[in-house]
There are 2 protein chains.
Amino acid sequence: MPAPRQRADAVRSREAVLDAAEELFARSGPAEVSMNAVAAAAGVGKGTVFRAFTDRTGLLQALAERRSAPLRRAVAEGPAPLGPDAPPHERIPAVLDALARFKLDNQSLHLALEESGVSSPYASPSYTWWHTTLRDSLARCTDAGQAGFLAHALLAAVRADLIAHLATVERLPFDEIRNRLTAFVHSVLPDTPRA
Amino acid sequence: MPAPRQRADAVRSREAVLDAAEELFARSGPAEVSMNAVAAAAGVGKGTVFRAFTDRTGLLQALAERRSAPLRRAVAEGPAPLGPDAPPHERIPAVLDALARFKLDNQSLHLALEESGVSSPYASPSYTWWHTTLRDSLARCTDAGQAGFLAHALLAAVRADLIAHLATVERLPFDEIRNRLTAFVHSVLPDTPRA
DNA sequence: TTGCGAAACGGACCGGCGGTCCGTATGGTT
DNA sequence: AACCATACGGACCGCCGGTCCGTTTCGCAA
């Protein structure tokens, strides 16, 4: 099964839909954008959208995937402070900081993702990847069981809706968020000077 | 405006709907239950449901309100360790522990609530109340700004979907969750012995 | 007890959603 | 050039949350 290949028009459509969706989501809230609207904006039939992405959640995930690829690469194989070679005390705060910034920059997309579908965000492969990465770094500072929970707790602190709330409702400037988040992360890492 | 009074049938209906909804939500997942189904199960017309609760979110909130009243009372005016007289180092872990247990016991309801509607859970009065309570306790251990963020972070660690994930997917027994949560909370409180 | 206006009832109805289906058009291959 | 697999598009479906309005019920006052 050497790669089923895709027809040229198919890839063109796929790209067009992705672009249109990105545009629409950026402009208005997550639940406001219907699949119909996406199809129309992409200049494509509805069926095409669903063939390419299966369902709404699929489209959202593909979008998030594309958008987050650079950050994930930076964490998976980049240089310090994000990359795997950085010492945990440096890497963990850096990763959370980057995640917070990323979620803030892509608010509507993440809100859409976290609330889409019936299932929790915890089921998504993306969450699992971040959790694993973080847990492995944490395991170098804490005992294993606690590392797993801690990774969840840290990720919970940068959930899109919380960050959005801090920025939008509480009107905290991003630097404030960043400072408090960093202080929080340090307080959770053992053997680290308190802020 | 001394209290508009309500007709007897209205209160009867309201109660019936609440009961039926509680039953249905407990039995199956949150998104699975339609307003139609609730109305039918309550032996009541759809219009009645909407007159009593305005919309889906309203029903969910009313349900959560009713269910959480005892816990909120215990925290607002009960004895230590939950009540306001308990010292922060004792009260904060106790409150989070109680919240975790509560969310686990009422999974489907809370999942429904957190994902309902367009708006984030952070907009609900209920969240605000918990946040304020926690922040005020925290303010006795930390500087004010950090207390606000910390309260958010702690509450994020007991979000319904996370707790549900730990219990259901990771199959952690509740006591494990409780232990790790408590250890986490302590690590965040300054001037407290580490576990 | 009866009469009557206000309040609540119920379910047909609406617009719009996510998702499917299938006749038609368009690659790519020989 | 001919052929068929693949992709296209948009009419169509079932269902949902929410509204509307003719009918029933409640409770007060005569």
Side-chain angles (χ1 to χ4, degrees), chain A residues 1-21 24-25 28-63 108-109 111-119, chain B residues 1-21 24-25 28-63 108-109 111-119:
Chain A
M1 200 173 287
R5 278 308 295 278
Q6 273 201 129
R7 257 171 53 173
D9 50 354
V11 296
R12 229 186 308 124
S13 294
R14 189 187 162 86
E15 221 59 23
V17 170
L18 240 24
D19 290 343
L24 285 190
F25 276 114
S28 48
E32 317 296 318
V33 182
S34 72
M35 297 300 274
N36 245 325
V38 172
V44 135
K46 221 214 280 202
T48 302
V49 175
F50 280 93
R51 191 166 336 89
F53 300 99
T54 310
D55 58 14
R56 183 172 230 271
T57 306
L59 171 59
L60 261 7
Q61 282 177 348
L63 220 36
S108 35
L109 174 58
L111 292 176
L113 247 185
E114 281 189 7
E115 86 172 19
S116 91
V118 185
S119 77
Chain B
M1 199 172 288
R5 279 307 295 281
Q6 273 202 128
R7 259 170 52 171
D9 50 352
V11 296
R12 230 185 307 123
S13 294
R14 188 187 163 86
E15 221 59 22
V17 170
L18 240 24
D19 290 343
L24 285 190
F25 276 114
S28 47
E32 317 296 317
V33 182
S34 73
M35 296 300 273
N36 246 324
V38 171
V44 134
K46 220 214 279 203
T48 302
V49 175
F50 281 94
R51 192 165 337 89
F53 299 100
T54 309
D55 59 14
R56 182 171 230 270
T57 306
L59 171 58
L60 262 7
Q61 281 178 347
L63 220 37
S108 35
L109 173 58
L111 293 177
L113 247 184
E114 281 188 6
E115 87 171 19
S116 90
V118 185
S119 78

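Every value quoted in this text rests on a predicted model; they were computed, and no experiment measured them.
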Quick check: on DNA chain D, is the nucleotide nearest A:Thr48 upstream (toward 5') of the one nearest A:Asn36, or the reverse? Name the residue that is more 5'.
A:Thr48

Heavy atoms of A:Phe25 and A:Leu63 approach each other most closely as CD1-CD2, 3.8 Å

Could you please spell out the steps behind the side chain to side chain contact (heavy atoms under 4.5 Å, CB included) verdict for B:Arg12 and B:Asp9?
CA-CA 5 Å; B:Arg12 230 185 307 123; B:Asp9 50 352; 3.7 Å; yes

Does A:Ser13 place a side-chain N or O at less than 4.0 Å from the phosphate oxygens OP1/OP2 of D:dC8?
yes

Please name the pair of heavy atoms, one in B:Ala62 and one in B:Arg14, separated by the smallest distance, quoted to 0.1 Å.
CB-NH2, 4.1 Å

Starting at CD of B:Glu32 and ending at C1' of D:dC15, how long is that distance when rounded to a whole Å?
13 Å

I need the minimum non-hydrogen distance between B:Arg56 and B:Met35, along with the two atoms involved.
CA-CE, 3.8 Å

Do you know which two heavy atoms are closest between A:Val38 and A:Ala21, and how far apart they sit?
CG1-CB, 4.0 Å

In the 5' to 3' direction, the nucleotides of DNA chain C bounding the stretch that comes under 4.0 Å of a heavy atom in chain A are C:dC17 to C:dG28

Show the nearest heavy-atom pair for residues A:Val17 and A:Phe53, with the distance to one decimal.
CG1-CE1, 3.6 Å

When the distance from CE of A:Met35 to P of D:dC13 is rounded to whole Å, what number comes out?
21 Å

Heavy-atom closest pair, residues B:Ala42 and B:Ala16
CB-O, 3.8 Å

Can you give one letter per nucleotide of nucleotides 21-30 of chain D, 5' to 3': B if a protein heavy atom sits under 4.0 Å from the base, S if only from the sugar-phosphate, - if neither?
----BSS---

